[in-house]
There are 2 protein chains.
Amino acid sequence: MARPADPHARSSLVAAARHEFVRAGIQKARIEDITQACGLSKGAFYLHYDSKEALFREVVGQLEVQFEVMRTARENAYAELIGRGVPSARQASPFIAELQEIDAREDRKLLELLWDWRDVTDVLLRGSQGTEFEGVMWTMLDREVARVELECRAMKDAHLLRDDVPADVLGLMIVGTYLLVARRLSTLQEKPDFDHWVRALQTLIAQGTSGIPVAPPKKKSTQKKQNSRNAILPRKKKRS
Amino acid sequence: MARPADPHARSSLVAAARHEFVRAGIQKARIEDITQACGLSKGAFYLHYDSKEALFREVVGQLEVQFEVMRTARENAYAELIGRGVPSARQASPFIAELQEIDAREDRKLLELLWDWRDVTDVLLRGSQGTEFEGVMWTMLDREVARVELECRAMKDAHLLRDDVPADVLGLMIVGTYLLVARRLSTLQEKPDFDHWVRALQTLIAQGTSGIPVAPPKKKSTQKKQNSRNAILPRKKKRS
DNA sequence: CGTGTTAGTAACCCGCGAGTCAGGAACTGC
DNA sequence: GCAGTTCCTGACTCGCGGGTTACTAACACG
């Protein structure tokens, strides 16, 4: 028995917060701008949230949930596939095809998600240092790197991956690429063709760039002055 | 004829600024902490610099110069090599070896530079949004991507690179990897073995990850429900 | 319609930190 | 030592923005 609260207050605050958050950055976003944008006064804000951070926490939380759901979806898809049995030796082709399809589908979903949240991820990447959100994006990225590393090792065990591919570097490479893509998304006006990206990346990772025959690895030679100890991998081709 | 200024004032302010800048982030670094760190008062600061930003500009400027020098060094090395003539057709091997060596050397130098400046680059990446420095790192990265793209096209023209390798994706991939590596450097206590990284990356880029024979590309099949129009590249291998 | 309760308002408080300035301190040349 | 000049200090102002609060508006219930 009393005046009822505006039912849209919270949701419109969150929406306005996301907007201001993106426009001004986490540190410079002002509560008064947010409340004005939804026709409320500063005082009203504190009826719904305890602090500026509490509001942002809601925005960031939504993002975290979405990405977490996506990551576990991929893990489950992998687990289900592997559970059906890894191909014993040489006719791995259908297995590979299915793996490839999972990756393509999940990568595409990931890009869609990055597209929807490109404004927020951008701010979290570039402007969260010194706030309570500074770790959010990097933690998510580290988790992705770890995931790729694990999958990579599993592939090696099943002999579906060259043995000398370093899992850590591959993880940084794949996730790093997506990181730059995500960053680039935030500068675009309209959604690009994600299939293009997904396929280009898959091919590039799987095949490399070599267009000419592979030179035989030099046998223990020490021609280079300074770079030849510690030969972890056989050197073969040029790079860029 | 008068009291001479402390000759180390500027340089010790810059040093202290870099330290505070890293500790607290650009936005939260306080002038008084910086001056106290070098035994000066707040007032003295304004004898040497007009504002907080002016001081940080000096720190960031040093970094920009260093990276610019490095980038042009690589460009020159490439130009010099290409100026000596691109191999006509099939005995490209020594040319490739030299290219590879340039890349290895320059990549290593780049990692050393990233190591020396890891604290500052980290702050610029994560905490510069909303400041005048927000574009610095991303501009440098974009320049690097553009460089890789150009080199990639040149390689293709000389038939040293598979024709279907998309230059833009390759650029994002290489630079994205270095970006994550740089970020990871800032969490390390001691300098890792850069040769390891450089070689792993070179091999991975050139060779890809495939450990099993390449399946023939499907001829225009439309098996996949949603992902098969717009086939920019032949699909071949799995990814991670 | 009157009363009690909650929603919402706007003026206020308050800490923080950038930038200022009047009053010394230190040094030089004579 | 003294005058003149520049360096340096630390207390000050001031705007900014988060959070508070005394007050008013809107509504439900009887």
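Protein chains get the first letters and strands the later ones, always in sequence-line order, with residue 1 at the start of each.
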For A:Tyr49, enumerate each residue passing the ring pair (Phe, Tyr, Trp, His ring centres under 6.0 Å) test, keeping only those at least two apart in sequence or located in another chain. A:Phe45

Atom CD1 of B:Ile34 and atom P of C:dG19 are separated, to the nearest Å, by 11 Å

Under the side chain to side chain contact (heavy atoms under 4.5 Å, CB included) test, which residues partner A:Ser51, sequence neighbours left out? A:Glu53, A:Ala54

Tell me, please, which residues at least two apart from B:Ala146 pass side chain to side chain contact (heavy atoms under 4.5 Å, CB included). none

Partner of A:Glu20 under side-chain contact (heavy atoms from CB on, under 4.5 Å), picked from A:Leu55, A:Thr35, A:Asp33, is A:Asp33

Hey, which of these two, B:Pro4 or A:Leu40, hits DNA chain C nearer its 5' end, going by closest nucleotide? A:Leu40

Spacing of A:Asp6 atom CG relative to D:dC27 atom P, expressed in whole Å: 11 Å

Nearest to the side chain of B:Ser41 - C:dG8, D:dG10, D:dC7? D:dG10

Other residues, nucleotides, ligands: >12 heavy atoms within 6.0 Å of B:His48 NE2: yes

A:His48 side chain near C:dG8 phosphate (N/O to OP1/OP2, under 4.0 Å): yes

Quick one: which residue pairs count as a ring pair (Phe, Tyr, Trp, His ring centres under 6.0 Å) with a foot in residues 100-135 of chain B, not counting sequence neighbours? none

Just to be sure I understand the rule, does A:Ala5 reach a base, reach only the sugar-phosphate, or reach nothing, if contact means heavy atoms closer than 4.0 Å? sugar-phosphate

Are any side-chain N or O atoms of A:Lys109 and backbone N or O atoms of A:Arg74, one a donor and one an acceptor, separated by less than 3.5 Å? no

Short heteroatom pairs, N/O only, protein and nucleotides 22-25 of chain C, under 3.5 Å:
residue	atom	partner	partner atom	Å
C:dA25	N3	B:Arg3	NH1	3.4

Which residues in residues 13-25 of chain B have a heavy atom closer than 4.0 Å to any atom of DNA chain D? none

Go through the structure and list residues passing side chain to side chain contact (heavy atoms under 4.5 Å, CB included) with B:Ala15, not counting sequence neighbours. none

What string of B, S and - do you get for nucleotides 11-22 of chain D, 5' to 3', if B is base contact, S is sugar-phosphate-only contact and - is no contact with any protein heavy atom under 4.0 Å? ------SBBB--

Does A:Glu75 have any side chain to side chain contact (heavy atoms under 4.5 Å, CB included) partners at least two apart in sequence or in another chain, and if so, which? A:Arg71

Treating A:Gln129 as the side-chain partner and B:Gln27 as the backbone partner, does any N or O pair qualify as donor plus acceptor under 3.5 Å? no

In this structure, how many angstroms lie between the C1' atom of D:dC8 and the CZ atom of B:Arg10, rounded? 17 Å

By side chain to side chain donor-acceptor pair (under 3.5 Å), which residues pair with B:Glu64, not counting sequence neighbours? none

Between B:Gln36 (CD) and D:dC8 (P), how many Å, whole number? 16 Å

Using a cut-off of 6.0 Å, state whether more than 12 heavy atoms not belonging to A:Asp50 lie near its atom CG. no

Using five pairs at each end of the helix from C:dC1-D:dG30 to C:dC30-D:dG1 to define an axis, what is the angle between those two axes, to 10°? 0°

Scan residues 50-73 of chain A for pairs that pass ring pair (Phe, Tyr, Trp, His ring centres under 6.0 Å), counting only residues two or more places apart or in two chains. A:Phe21-A:Phe56

